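These numbers were taken from a predicted model, which means no experiment stands behind them. Note on naming: letters A, B, ... go to the chains in the order of the sequence lines (proteins, then strands), and numbering restarts at 1 for each one.
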2 protein chains.
Amino acid sequence: MPDRTHSANEAETVSAMSERRATLVDVAQRAGVSRGTASKALNGAGQLRASTRQRVIAAAEELGFEASPAARSLLSGRSYTVGLLTSDSLGRFSIPVLLGAEDLLATGEMAILLCDARADRIREQHYIRTLLARQVDGFIVTGHRSDARPSLTASLPVPVVYAYTPSDNPNDLSVVPDDLQGGVLAGHHLTSIGRRRIAYVGGPQRYHASHLRLQGMTTALEQAGIQPHGEPLFGEWRESWGRQAAQILLKSVPDLDAVFCASDHLARGVCDVLREAGVSIPDDVAVVGFDNYSEMVMAARPPLTTIDMNLRKVGEIAAGHLLDAIAGRPRSGLETVPCELVIRESTVKD
Amino acid sequence: MPDRTHSANEAETVSAMSERRATLVDVAQRAGVSRGTASKALNGAGQLRASTRQRVIAAAEELGFEASPAARSLLSGRSYTVGLLTSDSLGRFSIPVLLGAEDLLATGEMAILLCDARADRIREQHYIRTLLARQVDGFIVTGHRSDARPSLTASLPVPVVYAYTPSDNPNDLSVVPDDLQGGVLAGHHLTSIGRRRIAYVGGPQRYHASHLRLQGMTTALEQAGIQPHGEPLFGEWRESWGRQAAQILLKSVPDLDAVFCASDHLARGVCDVLREAGVSIPDDVAVVGFDNYSEMVMAARPPLTTIDMNLRKVGEIAAGHLLDAIAGRPRSGLETVPCELVIRESTVKD
DNA sequence: ATGAAAGCGCTAACAT
DNA sequence: ATGTTAGCGCTTTCAT
């Protein structure tokens, strides 16, 4: 029984594990067939006696055989790899997209090469070259905002799907959350719990999402025969703007009974100020956020009702479309993924 | 001059770009040498006339030649790729580590294969096999907490570096932030601005970091001839625990003049309650957080003085060590990266 | 200093 | 139904 003093030997033993990876020839030999036959057996190709196929598969398993991707790639010109290009440092939004994509791609034997261009076009070009040199089968392009980015599709010889951050070319394939429908969900929820004087606090005007979410809400309110209460407010995507907006609302429309905020940050800021002003949430004013950003949502007092963009699903769908495109079934245009309402105590008492 | 109606043709032209990648043979032909010579010229190997080398390099550039990684990989058994394995969904801590690693690896011609095991051991094993099948040259293993995780090193035939989340085998190479020194920084800062009654609010007891940060603070206070004020408090990594802790402090040690919190979340919770209780920050009580998590730090009122763990650097250093190990210069043991103090208004007036 | 040739591990066409 | 062979793009001896 080895004790501590043998650790060096143990290390050798372990590294011996890696002696040499079993190769197709090994498998063929062991199964008593030729390489060609072994290859066919393993790939389910050609005409083989079932028993032969079995024998080869068994041999492969015993040897722990895994085909060399390098060799396969050399032959096929493919790499069974997709490049995930994020235009700016991986952030709150790109992560779930990435994870969703990974979920789907992992099942398809595809690996993800990660490249974060840090909002730097030069760096982006560099990465693109690197990825192309590595023969990636396709690209998923993502970013930190839902406004369009310059298209890359025309300059790439492989399929590209934009996820979350769409391409500015409407013919490219982009998968994005449905901000408009998200706004509708929020509006409906508020009217359905009897609110009638509903204000809106958005992010910056230059963000399309600020407008779409308002528009969605407005649509929902119209169905209940009402209008947004007071002027919609626009500012920064910050808690501090949420706080400031709440002050404005308290002055301009003190009779409001609900606020829909275009982000959870804003909603939290709004809640803080309302609460400190003695307004009870949700009794006096109901608050709905956007993003379902768990840190915000749970730290807010009370926890926020919010809209979830299903970013994971956005990533999954994008990855699925990419696989399709790689398989020769391209698609194009803008595809939206529905948002979901998540109800918590900021609109409905526990 | 093409106008919009030619877009289809333009598209063809563009896709023609991808006709066929220039190969080494093309370069050799163009330079009027053999493949072997061209290869040597491009790799700076062998004995070549300078002029020949130049000619080849020029030809390669004109053709936009990039050596096929597949072919190279087939020959060398290496893939010029490292696997980045995160044990749980990419989070706040693993992202900067990953970006730091990417920064360093990108310069070394290395690409990153991303695998997120979602805290699932089965999934982790699956990914490890996939990555090994792809002949990754090494692994960077990371996670969401700074406590040790089970070692993978012995079961992997390639070098492994643990970043942020260390291995439970002290002989493995792990790179982690220096929590102890971070605590010292916080303690020194508080004593240096004249505080003497300094309380501590930690995270869960089961997190080593909770203790290390306290220990660091205590060391610093001892140098100033004082002790932590009141009993150190431990709870969850949540704002709500920060709020609760502040209530406790207000009761148990109302004369405190500073609080060091083991995370920015806690610090924010503490600030909220103190402020609402009419305590002025930093006049009455100075507050120091930990993480330099920008969302928290900037949303807190006032913005938080905090300790930055330099996670990006942790990632960079880990990647550097991995490259060294791959190059045959392995290292081992636990390496700590110093934290930095970031001063904001929660301790020092603007 | 340069060229020729072998071979990395695999698949696909062709032959049997 | 199975075996044989050529070749993917590159590097590396070994000749010259």
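By the 4.0 Å N-to-carboxylate-O rule, B:Asp324 lies close enough to B:Arg331 to be salt-bridged with it. We find that A:Arg123 and B:Asp103 are joined by a salt bridge, their nearest charged nitrogen and carboxylate oxygen being less than 4.0 Å apart. The pair A:Lys313-A:Glu316 does not meet the salt-bridge criterion, since no charged nitrogen lies less than 4.0 angstrom from a carboxylate oxygen.
Within residues 58-65 of chain B, the residues having any heavy atom closer than 4.0 Å to DNA chain D are, in order of number, B:Phe65.
Atom CZ in B:Arg21 sits roughly 15 Å away from atom P in D:dC8 (whole-Å rounding). In this structure, B:Arg35 atom CZ and D:dC8 atom P are separated by 9 Å, rounded to whole Å. Nucleotide D:dT13 holds its P atom 10 Å from the NZ atom of B:Lys40, rounded to whole Å. As a whole-Å value, the separation of B:Gln47 CD from D:dT12 C1' is 15 Å.
When DNA chain C is scanned 5' to 3' for any atom under 4.0 Å from a heavy atom of chain B, the first and last hits are C:dA1 to C:dG9.
Within 4.0 Å (heavy atoms only), B:Thr52 reaches sugar-phosphate atoms of the nucleic acid but no base atom. Using a 4.0 Å heavy-atom cutoff across all strands shown, B:Ser76 reaches no nucleic acid atom at all.
The side chain of B:Ser68 contributes no N or O atom lying less than 4.0 Å from OP1 or OP2 of D:dG9. Contact check, B:Arg72 against D:dG9: no side-chain N or O comes under 4.0 Å of OP1 or OP2.
Under the 6.0 Å distance and 45° angle rule, A:Arg78 counts as a cation-pi partner of A:Tyr80.
Remark: side-chain polar atoms of A:Tyr127 are not paired, donor with acceptor, to backbone N or O of B:Ala106 under 3.5 angstrom. The backbone N or O of A:Leu90 sits less than 3.5 Å from a side-chain atom of A:Asp116, completing a donor-acceptor pair. Using a distance-only test at 3.5 Å, with no hydrogens or angles considered, a donor-acceptor pair links the side chain of A:Ser174 to the main chain of A:Ser167.
You'll find that the side chain of A:Ser34 is closest to D:dG3, out of D:dG9, D:dC8, D:dG3. Candidate nucleotides D:dG9, D:dT11, D:dC14 were compared by shortest atom distance to the side chain of B:Ser39, and D:dT11 ranks first.
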